[in-house]
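What you are looking at is a predicted structure, and each value in this text was computed from that prediction instead of being measured. Just so it is clear: chains get the letters A, B, ... in the order the sequence lines come, proteins before strands, and each one is counted from 1.
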Number of protein chains: 2
Amino acid sequence: MTKRITIEDVANQAGVSKSTVSQYLNERFDYMGEKTRMKIEKVIKELDYQPNVIARSLKKKSTSTIGVIVANILHAYSTQVIRAIENVCNENGISTIICNADDDSEKEKNYLETLLSKQIDGLIVIPTSGNLEMYNKLISENFPLVFLDRIVDGLDSDTVLLDNKKASELAVDCLYENGHEKIAIVTTSLIDNVTPRVERIQGYKEALKKRHIQINQEYIKGAELSLIKQKLTELFTLSEPPTAIISGNDLTLMEILSYTFDNGIKIGKDIGLITVDEVSFAAIHTPPLTTIVQPTIDMGTKAAEILLEKINNKQTKNKPTIYRYDPSLIVRGSVERVGDRID
Amino acid sequence: MTKRITIEDVANQAGVSKSTVSQYLNERFDYMGEKTRMKIEKVIKELDYQPNVIARSLKKKSTSTIGVIVANILHAYSTQVIRAIENVCNENGISTIICNADDDSEKEKNYLETLLSKQIDGLIVIPTSGNLEMYNKLISENFPLVFLDRIVDGLDSDTVLLDNKKASELAVDCLYENGHEKIAIVTTSLIDNVTPRVERIQGYKEALKKRHIQINQEYIKGAELSLIKQKLTELFTLSEPPTAIISGNDLTLMEILSYTFDNGIKIGKDIGLITVDEVSFAAIHTPPLTTIVQPTIDMGTKAAEILLEKINNKQTKNKPTIYRYDPSLIVRGSVERVGDRID
DNA sequence: CTGAAAGCGCTTACAG
DNA sequence: CTGAAAGCGCTTACAG
């Protein structure tokens with residue numbers, strides 16, 4: 001490979017010092033002679049010179065790069081939020097490095113270490129529930145860090161969250177208004193104490209109470225993705241099966257749809273269905289799916305904005321804030337009550 | 001923020017020189033005393049020292065990072081291929097920086113420049129059709145570069161491609177066997193001369209010829225995504241509308257499904273449908289969708305493997321190779337011929 | 001208005 | 001077996 005052009009080549013060619021070329025690159029034109037500037041500009045064009053960002057970063061102790069670690073990229077939520085973060089960063093000349101922890105704290109830890117050794121200027125994380133010490137160390141060092149989607153007990157930093165209780169409430173209310181009272185909620189594993197899942201269950205219970213509906217523990221199912229279908233079998237073989245299901249997220253939804261399809265259970269006829277998270281095919285599904293939409297763009301944008309703010313004002317250490325965002329309901333179908341209503 | 005620990009801190013604390021610590025970090029234990037090694041190991045643990053990758057990269061002139069630029073991340077193909085690339089790279093201790101050109105050559109150019117200034121060791125690209133000069137410069141410098149999914153005229157480098165003609169042939173044959181002869185093909189814009197689109201049209205024509213079916217230019221529709229529905233209206237208002245449609249990719253499919261849904265056209269009843277690209281809901285759609293699946297994992301893996309090979313053997317300059325991958329057909333429904341057959 | 005010098009945190013030939 | 005020195009390609013106070 002041909003040798004890369006360096007600042008020294010430019011300096012020699014232009015007949016000035018490296019310092020002056022550097023001033024030019026950093027747009028410190030205050031005291032620079034018109035001719036000098038023109039000369040440098042010309043040589044840079046001629047040589048097609050591109051500054052070495054690595055060298056600059058080493059000296060400046062800032063890489064203009066942030067890391068983003070998401071717990072699981074398979075959630076549409078993650079990809080949408082990432083897109084929003086990238087947009088904000090691009091507008092501000094910041095690069096992003098995206099990492100997918102794959103729901104694995106060990107992987108998350110490796111990415112954390114890699115990102116830090118790459119000297120990133122800040123970090124946005126949808127955390128797994130591990131690595132408390134590492135995060136707390138970063139927080140105590142005042143390292144720019146923003147959490148997204150989840151709160152982990154014992155970690156106190158700025159966090160952008162959905163109003164998860166409201167999401168459940170919207171779902172319960174919509175189903176109730178369509179005549180459902182036997183409402184189940186199915187979501188991926190609860191073991192990890194992950195905020196959205198826990199809060200959505202909590203919101204579900206509160207919404208039922210408000211409607212004076214008895215909470216039935218058998219209607220609350222949490223399991224890892226591969227076991228969801230098993231849980232659905234449990235639900236449908238109850239002596240009093242639910243007439244409607246709330247799906248906790250998009251991946252859970254796919255399991256439910258696959259299960260009902262395989263078993264000839266008709267959505268909106270045999271069972272009401274509503275899901276948290278928008279999916280691409282909601283409107284063209286038979287029947288169209290009623291969904292609870294997260295403002296992913298707003299949430300990602302906010303997280304990025306907070307982070308950039310923190311990076312720019314490292315000295316000031318504000319009290320951590322939690323930013324809550326409202327979900328919204330898109331009624332499309334799939335929630336009708338057709339069977340007998342027992343009341 | 002607290003001062004970061006450097007190699008010097010470790011050296012001082014361990015009572016050895018920076019050189020020796022560096023030897024340790026690079027696992028050059030050949031001549032290192034047992035005690036020295038233990039001492040350094042202990043201090044690194046104690047101080048929780050993480051080497052500064054930026055400094056190392058500057059000296060080594062290698063960043064162990066590759067860039068990946070995809071033309072449009074909204075295609076499921078892109079995200080799947082990216083995942084495969086990341087897997088290979090992770091296994092080899094290589095980081096990846098993902099960029100989405102958003103079908104915009106200007107954006108692609110900016111990403112190219114940014115990535116190069118970040119001193120990436122290699123690059124995998126699903127190219128737009130611009131930036132010929134930049135790519136050719138890289139190729140002439142023997143910079144490790146692999147193209148994916150598309151060939152751009154005038155660019156000669158290793159490329160991983162689908163056998164696009166075969167994809168069309170599979171589609172035509174499947175529809176024909178289900179009684180269709182009036183087969184349309186709809187895909188996103190042809191303006192850009194993008195390989196898959198062009199080859200798929202070509203393969204479509206050849207497959208029809210082989211079946212002795214007259215090619216009807218009115219059955220061939222290419223337009224950018226936002227105009228697809230308009231093209232569908234044109235198709236369906238023909239005096240002899242097609243009885244089946246081949247969708248060129250997943251995003252086109254969404255437009256077709258949205259259009260048929262809105263207009264009460266029943267897939268598999270009023271119109272046969274087959275699409276290139278697998279979609280998450282294919283199996284649970286009503287009716288289940290017949291798809292032509294690309295071996296995205298294999299293709300991404302191959303691209304990454306070729307690239308890593310190139311990075312490791314920079315001296316040898318092989319003749320560029322094109323690697324073709326076979327699509328496969330998953331028959332699920334949506335292709336039945338119900339209307340009158342004119343023959 | 002411009003340049004010489006020091007230094008960012010590493011690695012690596014080389015000396016001993 | 002270990003260390004002093006040079007250098008990767010930049011930036012930045014400071015001198016003039």
Are any of the side-chain heavy atoms of B:L145 and B:V125 separated by less than 4.5 Å?
yes
Starting the side chain at C-beta, find the nucleotide from D:dT11, C:dT2, D:dG7 nearest to A:T36.
C:dT2
Which residue, B:K61 or B:R37, contacts DNA chain D at a nucleotide closer to its 5' end, judged by nearest heavy atom?
B:R37
Note, DNA chain C 5' to 3' with Watson-Crick or G-U pairs under 3.5 Å encoded as ( ), [ ], | and . gives |||.||||||||.|||
Rounded interatomic separation in angstrom, taking CD from B:E8 and C1' from C:dG7:
11 Å
B:L58 atom CG is separated from D:dT11 atom C1', nearest whole Å, by 13 Å
Between D:dG9 atom P and A:L25 atom CG, what is the distance in whole Å?
15 Å
Over 12 non-hydrogen atoms of neighbours within 6.0 angstrom of NZ in B:K39
yes
Does OP1 or OP2 of C:dT11 have a side-chain N or O of B:N26 closer than 4.0 Å?
yes
From D:dG3, C:dC10, D:dT11, nucleotide with atom closest to B:S17 side chain
D:dG3
Of the listed nucleotides (C:dT2, D:dA4, C:dG9), which one gets closest to any side-chain atom of B:K59?
C:dG9
Separation of C:dT12 atom C1' from B:K18 atom NZ, nearest Å, is 12 Å
Check every atom of C:dG3, C:dT11, D:dC1 against the side chain of A:S19 and return the nucleotide holding the closest atom.
C:dG3
Look at A:S22 and D:dT11 and indicate whether a side-chain polar atom (N or O) is within less than 4.0 Å of OP1 or OP2.
yes
Side chains of B:N313 and B:E309: donor-acceptor distance under 3.5 Å anywhere?
yes
For B:V68, run the side chain to side chain contact (heavy atoms under 4.5 Å, CB included) check against B:V81, B:I98, B:L115 and tell me which one passes.
B:I98
What is the distance from CZ of B:F29 to C1' of D:dT2, rounded to the nearest Å?
15 Å
D:dC10, C:dT11, D:dT2: which one has an atom nearest the side-chain heavy atoms of B:Y31?
D:dT2
Cut-off 3.5 Å, side chains only: do B:T20 and B:S17 have a donor facing an acceptor?
yes
Choose from D:dC10, C:dG9, C:dT2 the nucleotide whose nearest atom is closest to any side-chain atom of B:A55.
C:dG9
Is it true that the side chains of B:K118 and B:T65 contain a donor and an acceptor less than 3.5 Å apart?
no
To the nearest angstrom, the CD-P distance between B:Q23 and C:dC14 comes to 14 Å
Return yes if a side-chain donor-acceptor contact under 3.5 Å exists between B:N131 and B:S105, otherwise no.
no
Whether the A:D102 and A:Y111 side chains hold a donor-acceptor pair (N or O, under 3.5 Å, no angle test) is what I'd like checked.
no
Under 4.0 Å between a side-chain N or O of A:Y49 and OP1 or OP2 of D:dC10?
yes
Within this structure, what is the CD1-to-P distance between A:I40 and C:dT2, rounded to whole angstrom?
8 Å
Most 5' of A:G33 and B:K60 on DNA chain C, judged by nearest nucleotide
A:G33
Figure out the CD1/P separation between B:I54 and D:dG7, and round it to whole Å.
23 Å
Name the nucleic acid region contacted by A:V53, choosing base, sugar-phosphate or nothing; use a 4.0 angstrom heavy-atom cut-off, strictly under.
nothing
